[in-house]
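It should be emphasised that the depicted structure is a prediction, and the values quoted were computed from it without experimental measurement.
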Amino acid sequence: MNKPAICGGTPVRDTKLYYGHQYLDDADIQAVVDVLKSDYLTCGPKITELEEKLCKLTGAKYAVVCSNGTAALHMACMAAGVESGDEVITTPITFAASANCALYCGAKPVFADINDKTYNIDPEKVKAATTDKTKAVVAVDFTGQSVELDKLMAHCKEHNLVLIEDGAHVIGTKYKGQPNGSIADMTTFSFHPVKTVTGGEGGAVMTNNEEYYQKLLLARSHGITRDTALMEEEPHGGWYYEQVSLGYNYRMTDIQAGLLISQLDKLPMFSERRKEIVAKYDEAFLQMPEIQVQEEIPESDTTRHLYILRIKPEMLTINRREFFDALAAENIMCNVHYIPTYYFPHYQRLGYEKGICPKAERLYDEMMSLPLYYGMTDKDVEDVIKAVKKIVDYYKK
Ligand SMILES: Cc1ncc(COP(=O)(O)O)c(C=O)c1O
(Lines give C-alpha, C1' and ligand atoms only; values in the text may rest on other atoms or scores of the structure.)
Protein backbone atom coordinates (compact mmCIF):
# COMPACT_ATOMS: atom_id res chain seq x y z
CA MET A 1 0.00 0.00 0.00
CA ASN A 2 1.39 3.40 -0.98
CA LYS A 3 1.76 5.95 1.80
CA PRO A 4 -0.38 8.97 0.95
CA ALA A 5 1.76 11.88 -0.27
CA ILE A 6 1.13 15.02 1.72
CA CYS A 7 2.98 18.30 1.33
CA GLY A 8 2.20 19.24 4.91
CA GLY A 9 1.48 22.68 6.32
CA THR A 10 -2.01 24.12 6.45
CA PRO A 11 -4.27 22.66 3.75
CA VAL A 12 -5.12 25.12 0.96
CA ARG A 13 -8.79 24.83 1.99
CA ASP A 14 -10.54 23.81 5.16
CA THR A 15 -13.64 22.45 3.39
CA LYS A 16 -13.73 19.76 0.74
CA LEU A 17 -14.28 20.62 -2.90
CA TYR A 18 -15.62 17.77 -5.07
CA TYR A 19 -15.07 17.21 -8.78
CA GLY A 20 -18.68 17.81 -9.81
CA HIS A 21 -21.97 19.02 -8.44
CA GLN A 22 -25.40 19.78 -9.87
CA TYR A 23 -26.81 23.31 -9.79
CA LEU A 24 -30.53 23.61 -9.10
CA ASP A 25 -32.45 26.86 -8.63
CA ASP A 26 -36.00 27.74 -7.56
CA ALA A 27 -37.25 27.50 -11.15
CA ASP A 28 -36.03 23.88 -11.30
CA ILE A 29 -37.79 23.04 -8.04
CA GLN A 30 -40.99 24.72 -9.23
CA ALA A 31 -40.79 22.82 -12.53
CA VAL A 32 -40.76 19.52 -10.63
CA VAL A 33 -43.57 20.61 -8.30
CA ASP A 34 -45.66 21.61 -11.34
CA VAL A 35 -45.31 18.11 -12.80
CA LEU A 36 -46.14 16.51 -9.45
CA LYS A 37 -49.37 18.55 -9.36
CA SER A 38 -50.27 17.67 -12.95
CA ASP A 39 -52.11 14.65 -14.38
CA TYR A 40 -49.06 12.96 -15.87
CA LEU A 41 -46.03 11.64 -14.02
CA THR A 42 -44.88 9.67 -17.08
CA CYS A 43 -45.75 9.44 -20.81
CA GLY A 44 -47.13 12.98 -20.55
CA PRO A 45 -46.69 16.33 -22.29
CA LYS A 46 -43.33 17.16 -20.70
CA ILE A 47 -41.71 14.37 -22.71
CA THR A 48 -42.76 15.92 -26.02
CA GLU A 49 -41.85 19.39 -24.78
CA LEU A 50 -38.35 18.23 -23.81
CA GLU A 51 -37.86 16.39 -27.11
CA GLU A 52 -38.87 19.51 -29.03
CA LYS A 53 -36.52 21.60 -26.92
CA LEU A 54 -33.56 19.27 -27.56
CA CYS A 55 -34.29 19.33 -31.31
CA LYS A 56 -34.39 23.13 -31.27
CA LEU A 57 -31.16 23.32 -29.27
CA THR A 58 -29.20 20.94 -31.48
CA GLY A 59 -30.91 21.32 -34.84
CA ALA A 60 -31.58 17.55 -34.98
CA LYS A 61 -34.87 16.38 -36.55
CA TYR A 62 -35.74 13.83 -33.87
CA ALA A 63 -35.11 13.30 -30.16
CA VAL A 64 -36.11 10.25 -28.13
CA VAL A 65 -35.61 10.89 -24.42
CA CYS A 66 -35.13 7.92 -22.12
CA SER A 67 -34.23 6.81 -18.62
CA ASN A 68 -30.45 7.38 -18.79
CA GLY A 69 -27.45 7.64 -21.11
CA THR A 70 -26.78 3.90 -20.92
CA ALA A 71 -30.30 3.13 -22.16
CA ALA A 72 -29.75 5.73 -24.91
CA LEU A 73 -26.62 3.87 -26.07
CA HIS A 74 -28.41 0.52 -25.99
CA MET A 75 -31.34 1.93 -27.96
CA ALA A 76 -28.96 3.50 -30.50
CA CYS A 77 -27.18 0.16 -31.01
CA MET A 78 -30.55 -1.57 -31.45
CA ALA A 79 -31.66 1.04 -34.00
CA ALA A 80 -28.34 0.62 -35.82
CA GLY A 81 -29.08 -3.10 -36.10
CA VAL A 82 -26.10 -4.19 -33.99
CA GLU A 83 -26.39 -7.91 -33.29
CA SER A 84 -24.53 -11.07 -32.48
CA GLY A 85 -21.43 -11.52 -34.65
CA ASP A 86 -20.98 -7.76 -35.16
CA GLU A 87 -18.09 -5.66 -33.91
CA VAL A 88 -18.47 -2.17 -32.47
CA ILE A 89 -15.42 0.08 -32.22
CA THR A 90 -15.05 2.41 -29.24
CA THR A 91 -12.47 4.08 -27.02
CA PRO A 92 -11.27 2.59 -23.72
CA ILE A 93 -11.15 6.05 -22.10
CA THR A 94 -14.84 6.22 -21.29
CA PHE A 95 -17.48 5.01 -18.90
CA ALA A 96 -18.14 1.28 -19.30
CA ALA A 97 -21.54 1.90 -20.92
CA SER A 98 -19.92 2.94 -24.24
CA ALA A 99 -18.72 -0.65 -24.72
CA ASN A 100 -21.39 -2.45 -22.70
CA CYS A 101 -24.03 -1.32 -25.21
CA ALA A 102 -22.38 -3.58 -27.81
CA LEU A 103 -22.38 -6.50 -25.34
CA TYR A 104 -26.09 -5.94 -24.63
CA CYS A 105 -26.72 -6.64 -28.35
CA GLY A 106 -24.51 -9.74 -28.38
CA ALA A 107 -21.80 -7.89 -30.34
CA LYS A 108 -18.09 -7.55 -29.61
CA PRO A 109 -16.61 -4.23 -28.48
CA VAL A 110 -13.29 -3.48 -30.19
CA PHE A 111 -11.09 -0.87 -28.54
CA ALA A 112 -9.25 1.72 -30.63
CA ASP A 113 -6.55 3.86 -29.02
CA ILE A 114 -6.80 7.59 -28.35
CA ASN A 115 -4.98 10.64 -29.65
CA ASP A 116 -2.74 11.44 -26.69
CA LYS A 117 -3.10 15.21 -27.07
CA THR A 118 -6.91 15.49 -27.29
CA TYR A 119 -7.63 12.18 -25.49
CA ASN A 120 -10.43 11.40 -27.97
CA ILE A 121 -10.53 8.29 -30.13
CA ASP A 122 -7.99 8.47 -32.97
CA PRO A 123 -9.74 8.18 -36.36
CA GLU A 124 -6.65 6.45 -37.77
CA LYS A 125 -6.94 3.75 -35.09
CA VAL A 126 -10.63 3.39 -35.92
CA LYS A 127 -9.65 2.76 -39.54
CA ALA A 128 -7.08 0.17 -38.47
CA ALA A 129 -9.63 -1.60 -36.23
CA THR A 130 -12.31 -1.84 -38.93
CA THR A 131 -13.04 -5.32 -40.27
CA ASP A 132 -15.85 -6.77 -42.36
CA LYS A 133 -17.64 -7.53 -39.07
CA THR A 134 -17.68 -3.88 -37.93
CA LYS A 135 -21.20 -2.54 -37.72
CA ALA A 136 -20.89 0.69 -35.76
CA VAL A 137 -18.50 3.12 -34.12
CA VAL A 138 -19.34 4.52 -30.68
CA ALA A 139 -17.25 7.71 -30.55
CA VAL A 140 -17.15 9.43 -27.16
CA ASP A 141 -16.81 13.23 -26.93
CA PHE A 142 -14.50 12.85 -23.95
CA THR A 143 -14.70 15.77 -21.46
CA GLY A 144 -17.15 17.51 -23.84
CA GLN A 145 -14.68 18.10 -26.65
CA SER A 146 -16.11 16.92 -29.97
CA VAL A 147 -14.55 13.91 -31.63
CA GLU A 148 -13.17 14.50 -35.13
CA LEU A 149 -16.55 14.10 -36.79
CA ASP A 150 -15.49 14.84 -40.39
CA LYS A 151 -12.92 12.06 -40.39
CA LEU A 152 -15.12 9.58 -38.55
CA MET A 153 -18.15 10.27 -40.75
CA ALA A 154 -16.11 9.87 -43.94
CA HIS A 155 -14.75 6.55 -42.71
CA CYS A 156 -18.17 5.29 -41.60
CA LYS A 157 -19.73 6.30 -44.91
CA GLU A 158 -17.02 4.52 -46.89
CA HIS A 159 -17.48 1.28 -44.93
CA ASN A 160 -21.23 1.48 -44.39
CA LEU A 161 -20.91 1.79 -40.60
CA VAL A 162 -23.27 3.58 -38.26
CA LEU A 163 -21.65 6.43 -36.34
CA ILE A 164 -23.06 6.66 -32.83
CA GLU A 165 -21.68 9.67 -30.98
CA ASP A 166 -21.65 9.01 -27.24
CA GLY A 167 -22.33 12.60 -26.32
CA ALA A 168 -22.81 11.98 -22.59
CA HIS A 169 -20.36 14.88 -22.00
CA VAL A 170 -21.07 17.02 -25.05
CA ILE A 171 -24.24 19.01 -24.54
CA GLY A 172 -23.52 22.68 -25.31
CA THR A 173 -20.55 21.93 -27.59
CA LYS A 174 -20.46 22.86 -31.28
CA TYR A 175 -18.46 21.22 -34.05
CA LYS A 176 -17.65 23.65 -36.87
CA GLY A 177 -20.38 25.93 -35.54
CA GLN A 178 -23.07 23.21 -35.52
CA PRO A 179 -24.29 21.81 -32.20
CA ASN A 180 -23.23 18.22 -31.50
CA GLY A 181 -26.36 16.13 -31.56
CA SER A 182 -27.33 16.96 -35.13
CA ILE A 183 -24.28 15.64 -37.00
CA ALA A 184 -23.56 11.93 -36.44
CA ASP A 185 -26.08 9.21 -37.43
CA MET A 186 -27.19 9.17 -33.80
CA THR A 187 -25.94 11.09 -30.75
CA THR A 188 -26.71 10.04 -27.20
CA PHE A 189 -26.87 12.34 -24.18
CA SER A 190 -26.73 11.63 -20.45
CA PHE A 191 -28.37 13.81 -17.82
CA HIS A 192 -26.75 12.31 -14.71
CA PRO A 193 -26.25 14.90 -11.93
CA VAL A 194 -22.53 15.44 -12.64
CA LYS A 195 -23.29 16.32 -16.26
CA THR A 196 -23.75 19.92 -17.47
CA VAL A 197 -27.57 19.70 -17.20
CA THR A 198 -29.41 17.10 -15.14
CA GLY A 199 -32.75 15.39 -14.73
CA GLY A 200 -31.56 13.37 -11.73
CA GLU A 201 -31.09 10.59 -14.27
CA GLY A 202 -31.98 10.77 -17.93
CA GLY A 203 -30.80 10.32 -21.47
CA ALA A 204 -31.69 11.02 -25.08
CA VAL A 205 -30.90 9.85 -28.59
CA MET A 206 -30.80 12.50 -31.29
CA THR A 207 -31.01 11.65 -35.00
CA ASN A 208 -32.00 13.07 -38.38
CA ASN A 209 -32.97 9.63 -39.69
CA GLU A 210 -36.65 8.70 -39.57
CA GLU A 211 -36.04 4.96 -39.72
CA TYR A 212 -33.76 5.12 -36.66
CA TYR A 213 -36.32 7.33 -34.95
CA GLN A 214 -39.11 4.77 -35.36
CA LYS A 215 -36.84 1.99 -34.06
CA LEU A 216 -35.78 4.10 -31.09
CA LEU A 217 -39.43 4.67 -30.12
CA LEU A 218 -40.04 0.92 -30.15
CA ALA A 219 -36.83 0.15 -28.23
CA ARG A 220 -37.80 2.66 -25.51
CA SER A 221 -41.15 1.09 -24.74
CA HIS A 222 -41.24 -2.72 -25.02
CA GLY A 223 -41.44 -2.76 -28.83
CA ILE A 224 -45.06 -1.70 -28.35
CA THR A 225 -46.87 0.60 -30.77
CA ARG A 226 -50.29 2.21 -31.03
CA ASP A 227 -49.58 3.28 -34.59
CA THR A 228 -52.00 1.26 -36.77
CA ALA A 229 -49.65 1.60 -39.74
CA LEU A 230 -47.10 -0.57 -37.89
CA MET A 231 -49.61 -3.23 -36.73
CA GLU A 232 -50.00 -6.68 -38.21
CA GLU A 233 -53.59 -7.26 -37.02
CA GLU A 234 -56.67 -5.13 -37.33
CA PRO A 235 -57.11 -3.29 -34.00
CA HIS A 236 -59.47 -5.25 -31.71
CA GLY A 237 -60.86 -1.98 -30.35
CA GLY A 238 -59.87 1.36 -28.87
CA TRP A 239 -57.63 -0.25 -26.25
CA TYR A 240 -55.56 -2.16 -28.77
CA TYR A 241 -51.78 -1.94 -29.05
CA GLU A 242 -49.27 -4.36 -30.49
CA GLN A 243 -45.81 -5.51 -29.54
CA VAL A 244 -44.05 -5.65 -32.92
CA SER A 245 -40.45 -6.14 -31.71
CA LEU A 246 -38.53 -6.68 -28.49
CA GLY A 247 -38.02 -3.51 -26.50
CA TYR A 248 -37.47 -2.37 -22.93
CA ASN A 249 -38.94 0.04 -20.42
CA TYR A 250 -36.40 2.81 -20.96
CA ARG A 251 -38.91 5.64 -20.53
CA MET A 252 -38.12 8.92 -18.83
CA THR A 253 -40.64 10.30 -16.33
CA ASP A 254 -42.31 13.67 -16.77
CA ILE A 255 -40.72 14.63 -13.44
CA GLN A 256 -37.26 14.25 -14.99
CA ALA A 257 -38.39 15.93 -18.20
CA GLY A 258 -39.82 18.91 -16.31
CA LEU A 259 -36.55 19.38 -14.46
CA LEU A 260 -34.54 19.06 -17.67
CA ILE A 261 -36.65 21.63 -19.53
CA SER A 262 -35.88 24.09 -16.74
CA GLN A 263 -32.19 23.11 -16.62
CA LEU A 264 -31.80 23.59 -20.38
CA ASP A 265 -32.86 27.23 -19.99
CA LYS A 266 -29.65 27.68 -18.02
CA LEU A 267 -27.38 25.85 -20.48
CA PRO A 268 -25.86 29.05 -21.97
CA MET A 269 -25.06 30.26 -18.44
CA PHE A 270 -23.65 26.86 -17.39
CA SER A 271 -21.62 26.69 -20.56
CA GLU A 272 -20.14 30.16 -20.16
CA ARG A 273 -19.08 29.56 -16.57
CA ARG A 274 -17.49 26.20 -17.40
CA LYS A 275 -15.54 27.85 -20.20
CA GLU A 276 -14.34 30.57 -17.79
CA ILE A 277 -13.12 28.00 -15.27
CA VAL A 278 -11.37 25.96 -17.96
CA ALA A 279 -9.65 29.13 -19.24
CA LYS A 280 -8.39 29.92 -15.70
CA TYR A 281 -7.09 26.37 -15.23
CA ASP A 282 -5.46 26.28 -18.67
CA GLU A 283 -3.78 29.63 -18.11
CA ALA A 284 -2.30 28.50 -14.79
CA PHE A 285 -1.26 24.99 -15.86
CA LEU A 286 0.30 26.08 -19.15
CA GLN A 287 2.89 27.83 -16.91
CA MET A 288 3.78 24.53 -15.25
CA PRO A 289 5.99 22.26 -17.37
CA GLU A 290 5.12 19.33 -15.07
CA ILE A 291 1.48 19.43 -16.28
CA GLN A 292 0.13 18.52 -19.73
CA VAL A 293 -2.94 20.50 -20.72
CA GLN A 294 -5.56 18.77 -22.89
CA GLU A 295 -5.37 20.08 -26.45
CA GLU A 296 -8.45 21.17 -28.29
CA ILE A 297 -9.12 20.72 -32.00
CA PRO A 298 -10.04 24.08 -33.61
CA GLU A 299 -13.34 22.64 -34.93
CA SER A 300 -14.68 22.12 -31.40
CA ASP A 301 -16.21 25.02 -29.46
CA THR A 302 -16.29 23.05 -26.24
CA THR A 303 -18.50 23.17 -23.19
CA ARG A 304 -16.23 21.14 -20.93
CA HIS A 305 -17.85 18.59 -18.63
CA LEU A 306 -14.56 17.42 -17.09
CA TYR A 307 -11.18 19.07 -16.57
CA ILE A 308 -8.32 16.59 -16.83
CA LEU A 309 -5.16 17.34 -14.88
CA ARG A 310 -2.44 15.22 -16.49
CA ILE A 311 0.91 15.08 -14.77
CA LYS A 312 4.25 14.35 -16.37
CA PRO A 313 5.54 11.79 -13.84
CA GLU A 314 9.06 11.95 -15.26
CA MET A 315 9.28 15.54 -13.96
CA LEU A 316 7.95 14.77 -10.48
CA THR A 317 9.04 12.56 -7.61
CA ILE A 318 5.47 11.31 -7.12
CA ASN A 319 3.09 9.36 -9.32
CA ARG A 320 -0.57 10.04 -10.14
CA ARG A 321 -1.86 8.08 -7.16
CA GLU A 322 0.31 10.10 -4.80
CA PHE A 323 -0.62 13.35 -6.54
CA PHE A 324 -4.32 12.45 -6.16
CA ASP A 325 -3.77 11.76 -2.43
CA ALA A 326 -1.81 14.99 -2.00
CA LEU A 327 -4.70 16.96 -3.54
CA ALA A 328 -7.12 15.19 -1.17
CA ALA A 329 -4.91 16.31 1.74
CA GLU A 330 -5.48 19.88 0.50
CA ASN A 331 -9.23 19.12 0.48
CA ILE A 332 -9.40 19.02 -3.32
CA MET A 333 -11.31 15.81 -4.00
CA CYS A 334 -10.60 14.63 -7.55
CA ASN A 335 -11.80 11.62 -9.46
CA VAL A 336 -10.27 9.64 -12.32
CA HIS A 337 -12.05 9.44 -15.68
CA TYR A 338 -11.55 6.75 -16.77
CA ILE A 339 -10.12 3.34 -15.97
CA PRO A 340 -9.65 1.77 -19.44
CA THR A 341 -12.78 -0.34 -19.91
CA TYR A 342 -10.91 -3.50 -20.83
CA TYR A 343 -9.01 -3.42 -17.49
CA PHE A 344 -12.20 -4.47 -15.70
CA PRO A 345 -12.47 -8.12 -14.62
CA HIS A 346 -15.60 -8.60 -16.74
CA TYR A 347 -13.67 -7.62 -19.88
CA GLN A 348 -10.56 -9.53 -18.83
CA ARG A 349 -12.72 -12.63 -18.51
CA LEU A 350 -13.98 -11.99 -22.04
CA GLY A 351 -10.37 -12.27 -23.20
CA TYR A 352 -9.24 -8.64 -23.56
CA GLU A 353 -5.59 -8.14 -22.67
CA LYS A 354 -3.88 -5.14 -21.11
CA GLY A 355 -1.50 -3.37 -23.50
CA ILE A 356 -3.87 -3.09 -26.50
CA CYS A 357 -4.22 0.72 -26.29
CA PRO A 358 -0.91 2.04 -24.91
CA LYS A 359 -1.76 5.74 -25.19
CA ALA A 360 -5.00 5.25 -23.28
CA GLU A 361 -3.20 3.23 -20.62
CA ARG A 362 -0.53 5.90 -20.20
CA LEU A 363 -3.19 8.59 -19.91
CA TYR A 364 -4.91 6.55 -17.22
CA ASP A 365 -1.64 6.40 -15.25
CA GLU A 366 -1.19 10.17 -15.38
CA MET A 367 -4.60 11.77 -15.06
CA MET A 368 -7.17 12.97 -12.57
CA SER A 369 -10.30 15.10 -12.91
CA LEU A 370 -10.26 18.44 -11.08
CA PRO A 371 -13.38 20.12 -9.72
CA LEU A 372 -15.39 21.69 -12.54
CA TYR A 373 -18.99 22.78 -12.14
CA TYR A 374 -21.17 25.85 -12.47
CA GLY A 375 -21.43 26.60 -8.76
CA MET A 376 -17.66 26.93 -8.18
CA THR A 377 -16.63 30.39 -7.00
CA ASP A 378 -13.51 32.16 -8.27
CA LYS A 379 -11.98 31.44 -4.85
CA ASP A 380 -12.68 27.71 -5.31
CA VAL A 381 -10.93 27.79 -8.69
CA GLU A 382 -7.99 29.68 -7.20
CA ASP A 383 -7.75 27.14 -4.37
CA VAL A 384 -7.51 24.28 -6.86
CA ILE A 385 -4.76 26.07 -8.78
CA LYS A 386 -2.94 26.90 -5.53
CA ALA A 387 -3.11 23.28 -4.39
CA VAL A 388 -1.78 21.95 -7.70
CA LYS A 389 1.04 24.50 -7.61
CA LYS A 390 1.87 23.65 -4.00
CA ILE A 391 2.20 19.94 -4.86
CA VAL A 392 4.13 20.54 -8.09
CA ASP A 393 6.58 22.87 -6.28
CA TYR A 394 7.03 20.43 -3.42
CA TYR A 395 7.54 17.30 -5.54
CA LYS A 396 9.19 18.63 -8.70
CA LYS A 397 12.50 16.99 -9.64
C1 LIG B 1 -19.08 8.74 -21.70
C2 LIG B 1 -20.31 8.21 -21.03
N3 LIG B 1 -21.10 7.37 -21.69
C4 LIG B 1 -22.23 6.89 -21.14
C5 LIG B 1 -22.59 7.21 -19.86
C6 LIG B 1 -23.82 6.61 -19.28
O7 LIG B 1 -24.76 7.56 -18.91
P8 LIG B 1 -25.77 7.30 -17.68
O9 LIG B 1 -25.00 7.37 -16.41
O10 LIG B 1 -26.76 8.42 -17.84
O11 LIG B 1 -26.39 5.97 -17.90
C12 LIG B 1 -21.82 8.11 -19.13
C13 LIG B 1 -22.22 8.52 -17.78
O14 LIG B 1 -21.60 8.46 -16.82
C15 LIG B 1 -20.62 8.61 -19.72
O16 LIG B 1 -19.83 9.45 -19.04
Side-chain angles (χ1 to χ4, degrees), residues 66 68-115 119-142 147-149 151-168 184-188 190 203 205 207 212 215-216 219 223 245-248 250 337-361 363-364:
C66 57
N68 54 61
T70 305
L73 283 166
H74 186 191
M75 285 161 47
C77 283
M78 288 169 71
V82 173
E83 57 188 23
S84 170
D86 292 337
E87 293 177 354
V88 175
I89 300 171
T90 192
T91 169
I93 296 296
T94 185
F95 185 62
S98 316
N100 288 347
C101 58
L103 294 180
Y104 297 156
C105 295
K108 179 183 172 196
V110 173
F111 295 99
D113 209 351
I114 56 162
N115 170 318
Y119 314 152
N120 267 334
I121 199 165
D122 179 346
E124 290 304 316
K125 301 288 183 197
V126 172
K127 281 185 197 170
T130 301
T131 70
D132 52 13
K133 290 185 180 161
T134 310
K135 181 79 181 203
V137 176
V138 174
V140 179
D141 304 299
F142 177 62
V147 286
E148 295 178 76
L149 280 167
K151 291 182 190 167
L152 292 170
M153 284 194 302
H155 175 72
C156 287
K157 200 166 174 209
E158 189 185 331
H159 294 270
N160 204 20
L161 313 177
V162 183
L163 180 60
I164 299 169
E165 193 180 341
D166 179 345
D185 292 314
M186 285 177 266
T187 303
T188 62
S190 161
V205 189
T207 185
Y212 292 148
K215 288 183 176 165
L216 291 165
S245 58
L246 184 62
Y248 297 82
Y250 280 164
H337 299 92
Y338 290 94
I339 303 161
T341 309
Y342 59 78
Y343 275 22
F344 292 126
H346 184 72
Y347 279 82
Q348 293 285 303
R349 282 195 290 273
L350 291 174
Y352 293 85
E353 284 178 9
K354 291 189 181 176
I356 55 179
C357 295
K359 289 180 180 168
E361 293 181 17
L363 175 63
Y364 171 58

key: Taking every non-hydrogen atom, the tightest pair across V82 and C105   = O-CB, 3.4 Å
query = Looking only at heavy atoms, what is the nearest atom pair of A139 and L152, with distance?
reply = CB-CD1, 3.8 Å
message = Measuring from atom OH of Y342 to atom CD1 of I356, what distance do you get when rounded to the nearest 0.5 angstrom?
response = 5.0 Å
task = Apply the test side chain to side chain contact (heavy atoms under 4.5 Å, CB included) to residues N120 and N115: give CA-CA distance (whole Å), side-chain angles for both, the deciding distance (0.1 Å), then the verdict.
result = CA-CA 6 Å; N120 267 334; N115 170 318; 5.7 Å; no
Closest heavy-atom pair and its distance - A219, M78 = CB-CE, 3.8 Å
ask   = Do L216 and M186 come close enough that some side-chain heavy atom pair is under 4.5 Å?
value = yes
query = Is the shortest heavy-atom distance from the side chain of M75 to the side chain of C101 under 4.5 Å?
reply = no
ask   = Just wondering, do D113 and D122 contact through their side chains at under 4.5 Å, heavy atoms?
value = no
query = With no hydrogens and no angle check, is any side-chain donor or acceptor of T207 less than 3.5 Å from a backbone partner on D185?
reply = yes
query = Does a side-chain heavy-atom distance below 4.5 Å link L350 with L103?
reply = yes
query = Nearest 0.5 Å, what's the CG-CG distance between D166 and L73?
reply = 4.5 Å
task = Start with the C-alpha gap between T134 and H159, add the side-chain angles, then the distance that decides, and say whether side-chain hydrogen bond (donor to acceptor under 3.5 Å, both in side chains) holds.
result = CA-CA 9 Å; T134 310; H159 294 270; over 6 Å; no
ask   = At their closest point, which heavy atom of K108 faces which heavy atom of A102, and how far apart are they?
value = C-CB, 4.5 Å
message = Looking at every non-hydrogen atom in both residues, tell me the closest pair between A107 and V88 and how far apart they are.
response = CB-CG2, 4.3 Å
request  = Mind checking the CG-NZ spacing from L163 to K157? Nearest 0.5 Å is all I need.
outcome  = 13.0 Å
remark   = When rounded to the nearest 0.5 Å, the distance separating CZ of F95 from OG1 of T70 is 5.5 Å
query = Should the pair Y347 and F111 be assigned to parallel (<30°), tilted (30 to 60°) or perpendicular (>60°) ring geometry?
reply = perpendicular
query = To the nearest 0.5 Å, what is the distance between NZ (K151) and NZ (K127)?
reply = 8.0 Å
inquiry  = Within the structure provided, determine whether F142 and T91 are in side-chain contact (heavy-atom separation under 4.5 Å).
reply    = no
message = Has T90 got a side-chain atom pairing as donor or acceptor with V138's backbone, closer than 3.5 angstrom?
response = yes
ask   = Of all heavy-atom pairs between A72 and V205, which one has the smallest distance, and what is that distance?
value = O-CG2, 3.4 Å
message = So T94 and T341, do their side chains get closer than 4.5 Å, heavy atoms only?
response = yes
key: Atom pair CD/CD1 of E361 and I93 - distance to nearest 0.5 Å   = 8.5 Å
task = Would you indicate whether the side-chain heavy atoms of C357 and I114 approach each other to under 4.5 Å?
result = no
task = May I ask you to test the H155-L161 pair for a side-chain heavy-atom distance under 4.5 Å?
result = yes
Aromatic ring pairing Y248/Y250, orientation class (parallel under 30°, perpendicular over 60°, tilted between) = parallel
